[in-house]
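Step one of this worksheet: look at the structure below.
Throughout, numbering of the chain's residues begins at 1 and tracks the sequence.
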Amino acid sequence: MKFSGWYGLAVGVMMFGMWGFFLATGQVPELQTEPLRIYFHLAAEFSTAICLIIGGAALLRKLPWAKTMYFIAAGMMLYSLIVSPGYYAQLGQWGFVVMFAVLIALTIFSVA
C-alpha cells in the first residue's frame, strides 16, 4: 500500500496547490457568478484533499484504520474526478480532461 499512501498524500497536497493557485490568481469566476455553488464545491474539494492526506499518511504509518480511511478518500476523489472534467470540456480545455482521466485510472489502481 506504499503507492496508495504516497499517491494519496501527493494528490491531496496538489489539490490544495491547484485550488490555492486558481484562487490566488483570480481564476475562479464563479466566486462572483455562483458564489454559493462554488463555496460548496470548494468545501468538497478541500475535504477530499484533507481525507487523502490523512488516509495516505495513515497508510504509510500502517495504522489499523488506514485502509478504511483511504478507501473513503479515494471514493470522494473518484466522484470529483468524474464530475469535474465536464467543466473543462465545456471550456475546450482538453488537457485537464486528459489529466482527470489519468487520475481516475491511477485512483482505481491505488485501491486495487
Side-chain angles (χ1 to χ4, degrees):
M1 303 279 328
K2 265 190 182 179
F3 171 79
S4 301
W6 286 112
Y7 178 72
L9 278 172
V11 173
V13 168
M14 285 190 284
M15 286 176 75
F16 275 116
M18 181 188 82
W19 279 109
F21 175 79
F22 287 159
L23 290 166
T25 58
Q27 296 184 52
V28 187
E30 294 82 4
L31 289 171
Q32 279 73 44
T33 60
E34 303 176 84
L36 291 177
R37 188 180 72 78
I38 197 66
Y39 290 144
F40 277 98
H41 181 77
L42 289 171
E45 291 281 319
F46 290 130
S47 296
T48 300
I50 290 167
C51 288
L52 284 167
I53 291 167
I54 292 169
L59 281 175
L60 293 173
R61 295 183 64 209
K62 299 180 180 172
L63 298 175
W65 48 269
K67 283 185 181 180
T68 301
M69 181 69 205
Y70 183 75
F71 288 155
I72 291 168
M76 293 169 73
M77 185 168 62
L78 278 173
Y79 175 80
S80 181
L81 291 171
I82 291 167
V83 172
S84 296
Y87 175 82
Y88 295 99
Q90 188 71 39
L91 296 173
Q93 296 179 353
W94 299 104
F96 278 107
V97 176
V98 170
M99 176 193 74
F100 285 117
V102 169
L103 287 170
I104 288 170
L106 288 171
T107 302
I108 291 169
F109 176 76
S110 80
V111 296

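Between Ala49 and Gly12 the shortest heavy-atom distance is CB-O, 3.5 Å. When all heavy atoms of Tyr70 and Gly8 are compared, the pair lying nearest together is CE1-CA, 3.9 Å. For the pair Leu52 and Ala73, the tightest heavy-atom approach, listed with the atom from each and the gap, is N-CB, 3.6 Å. For Val97 against Pro85, the heavy-atom pair with the smallest separation is CG2-O, 3.7 Å. Closest heavy-atom contact between Ile50 and Phe16: CG1-CZ, 3.6 Å. When every heavy atom of Met69 is checked against every heavy atom of Ile54, the shortest pair comes out as CG-CG2, 4.1 Å.
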Check your understanding: Hey, mind stepping through Tyr87 and Gln93 against side-chain contact (heavy atoms from CB on, under 4.5 Å) and telling me if it holds?
Key -> CA-CA 9 Å; Tyr87 175 82; Gln93 296 179 353; 5.7 Å; no
Check your understanding: Checking side-chain contact (heavy atoms from CB on, under 4.5 Å) for the pair Trp6/Leu59: CA distance, chi angles, key distance, verdict?
Key -> CA-CA 9 Å; Trp6 286 112; Leu59 281 175; over 6 Å; no
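Of the possible polar contacts, none joining the Ser80 side chain to the Met77 backbone as a donor-acceptor pair under 3.5 Å is found.
In Phe40, the CZ atom is not crowded: 12 or fewer heavy atoms of neighbouring residues, nucleotides or ligands sit closer than 6.0 Å. At most 12 non-hydrogen atoms from other residues, nucleotides or ligands lie less than 6.0 angstrom from CD of Gln90. By the neighbour-count criterion of 12 heavy atoms within 6.0 Å, atom OH of Tyr79 is sparsely surrounded, having that number or fewer from other residues, nucleotides or ligands.
Considering CG of Leu42 and CZ of Arg37, their distance stands at 9.5 Å, rounded to 0.5 Å. To the nearest 0.5 Å, the span separating CD on Glu45 from CE on Met76 amounts to 9.5 Å. For the atom pair CH2 (Trp19) and NE2 (His41), the distance works out to 4.0 Å, reported to the nearest 0.5 Å. Atoms CD1 and OG1, from Ile53 and Thr48 in turn, are 11.0 Å apart once rounded to the nearest 0.5 Å. Rounded to the nearest 0.5 Å, atoms CD1 (Ile72) and CH2 (Trp65) are 10.5 Å apart. Once rounded to the nearest 0.5 Å, the distance linking CG of Leu78 with CD1 of Ile108 reads 6.0 Å.
Ring pair Tyr7/Phe109: centre-to-centre distance not below 6.0 Å.
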